[in-house]
Amino acid sequence: MNHTTSRPESLGLARIAQDLALLAGLWLIAGCSSGPSKSADPGVAEDELLVLVAFDGFRWDYPDRGVSPNLATLEARGVRAEGLIPSFPTKTFPNHYTMVTGLVPDRHGIIANTMWDPELKTGFSMSNREQVQNGAWWGGEPIWIPEERAGRPTAPLFWPGNEAEINGFRPTYWLPFDGSMPNADRVDWLMDLLDRPVGERPRLLTLYLDETDLAGHDHGPDSPETLEAIRIVDEALGLLVRGLEDRGLLSRTNVIVVSDHGMIPTSRDRVFFVDDFVNLDTARVIDWNPVLALWPDEQHQEAVYRALKDAHPHVSIYWKDSIPERFDYGKHPRVPPIIGIADDGWTITTRPYYEEAPIRADGGNHGFDHEARDMQGIFIAAGPAFPSGLRVPAFRNVDVYPLLMKLLDLPAAPGDGDLARVGGLLAD
Ligand code: AMP
Ligand code: ZN
Ligand code: ZN
């Protein structure tokens with residue numbers, strides 16, 4: 001895909017008639033006889049925009065490494081939490097989707113990046129576009145759906161869930177995930193949408209950047225490569241903020257930067273080999289590391305469980321219905337019968353996989369216990385809804401959803417989040 005020429009015009013725009021009606025209405029209200037322009041834009045002048053930015057794997061302490069000036073400016077203008085506490089498992093898809101639905105993974109159904117559904121009799125992985133675009137996987141209702149239902153276009157660029165039709169709606173503007181799309185093009189794509197006429201212009205937009213996750217995995221959270229990745233995603237935030245400023249939109253835009261989880265160093269000295277204990281022909285491995293998800297044939301379940309239960313002091317093995325309550329995990333039908341959770345910094349793998357590339361266990365990872373400090377991400381926000389210079393304690397990422405719904409002035413669906421826990425972040 002050529003991103004420099006990729007424009008939303010090429011996407012499915014489902015509500016042209018509706019938008020035209022809205023456009024006509026807004027012009028009438030504003031008494032405007034000329035076409036809309038960037039600077040004199042009558043219809044949405046009072047509207048606040050919401051731009052949600054995700055830095056994948058951006059740990060709670062990265063903002064203090066001195067290489068993210070744009071994040072520092074945002075923090076000074078607004079609010080910063082000491083951390084954003086992820087939900088279990090601390091993986092990308094489960095946590096991005098939690099932040100936009102207010103449900104923990106066990107309830108929204110994206111219980112891992114890689115899953116098996118016993119009713120659909122189908123597997124899911126992040127790179128399987130057919131399944132990522134299949135609405136049957138995505139429970140709850142992400143923030144862009146009620147916004148679309150209300151007749152306003154949304155642009156959740158690359159936010160997990162954005163590619164699927166959910167409850168009969170999908171975002172007006174979306175692209176299939178393409179990790180190679182340059183960050184500047186991602187920002188341009190959003191800015192082009194903001195240059196559209198009233199009615200076609202979204203007020204809810206998201207931006208997703210993953211350099212910090214990739215560098216954290218390959219080189220560890222304390223590496224020079226991760227420092228460079230922090231600089232890179234911060235630079236993209238700078239482009240976004242300048243883009244808003246150039247359009248005269250910054251003062252009425254709430255910009256919220258979050259991350260899905262943190263990163264913990266792994267080591268070749270902290271590895272658990274499943275195949276030392278279990279014949280993997282008897283147990284289908286749905287997911288590996290650091291949360292082992294095993295679906296053995298009925299007749300092998302007991303034997304597999306017994307073989308693994310006390311196999312290693314740094315890997316806890318559970319039947320799905322006896323996972324400790326604080327994980328809030330194990331009720332969803334997609335959680336397989338046996339779950340193994342590695343201690344922080346440990347790797348679960350097999351001998352052949354490890355021997356092929358031992359370096360794999362010598363970088364960083366996430367997915368671990370959500371209560372680990374270094375699994376925490378960030379929450380930094382500024383805009384008309386936020387006071388400036390406020391620092392608050394870490395809070396749970398299920399509470400991001402009711403906050404976003406409040407900013408959109410839409411009723412939050414009941415779930416695991418609670419505005420009462422985060423309402424103090426807002427001005428007045
Ligand atoms: P993980 O570290 O396994 O939790 O996954 C993070 C990786 O998922 C990132 O490096 C991204 O490249 C990739 N990713 C993020 N969003 C998507 C998406 N919507 N579709 C496919 N892959 C994605
Ligand atoms: Zn992630
Ligand atoms: Zn990752």
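Remember, it's 1-based here, ligands and their atoms both numbered in the order they're listed. Treat the numbers as computed from the prediction; the structure is a model and nothing was measured. Along the sequence shown, the residues carry numbers beginning at 1. Side chains are part of it too, since the values below use all heavy atoms of this structure and drop only hydrogens, waters and symmetry mates.
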Counting only heavy atoms closer than 4.0 Å, does ligand 1 sit against the backbone of R129, its side chain, both, or neither? side chain
Hey, is ligand 1 close enough to S127 that some N/O pair sits below 3.5 Å? no
Does any N or O of ligand 1 fall below 3.5 Å from an N or O anywhere on K91, backbone included? no
Lys/Arg cation over aromatic Y318: K309, 6.0 Å, 45° cone: yes
Side chains of [X] and [Y]: do they bring a donor and an acceptor to under 3.5 Å?
| X | Y | result |
| --- | --- | --- |
| N183 | E211 | yes |
| H219 | T226 | no |
| T92 | D260 | yes |
| N95 | N397 | yes |

Please report which non-hydrogen protein atom sits nearest to atom 16 (N) of ligand 1, along with the residue it belongs to and the distance in Å to one decimal place. F177 CE1, 3.7 Å
D213 backbone or side-chain N/O/S under 2.8 Å from the Zn ion (ligand 3): yes
Taking 2.8 Å as the cut-off, does H261 contribute an N, O or S atom near the Zn ion (ligand 2), distance below it? yes
Of all N, O or S atoms in D260, identify the one at the shortest distance from the Zn ion (ligand 2). OD2
In this structure, does ligand 1 have an atom that sits under 4.0 Å from one of the heavy atoms of H217? yes
Y208 to ligand 1, any heavy atom closer than 4.0 Å: yes
With rounding to 10 degrees, T92 OG1, the Zn ion (ligand 2) and D56 OD1 define an angle of 130°
Hey, is the main chain of L50 close enough, under 3.5 Å, to the side chain of R203 for a donor-acceptor pair? no
Quick one: CE on M375 to NE2 on H261, what's the gap to the nearest 0.5 Å? 7.5 Å
Which of these, L157, L214, D287, D56, has its nearest heavy atom closest to atom 10 (O) of ligand 1? L214
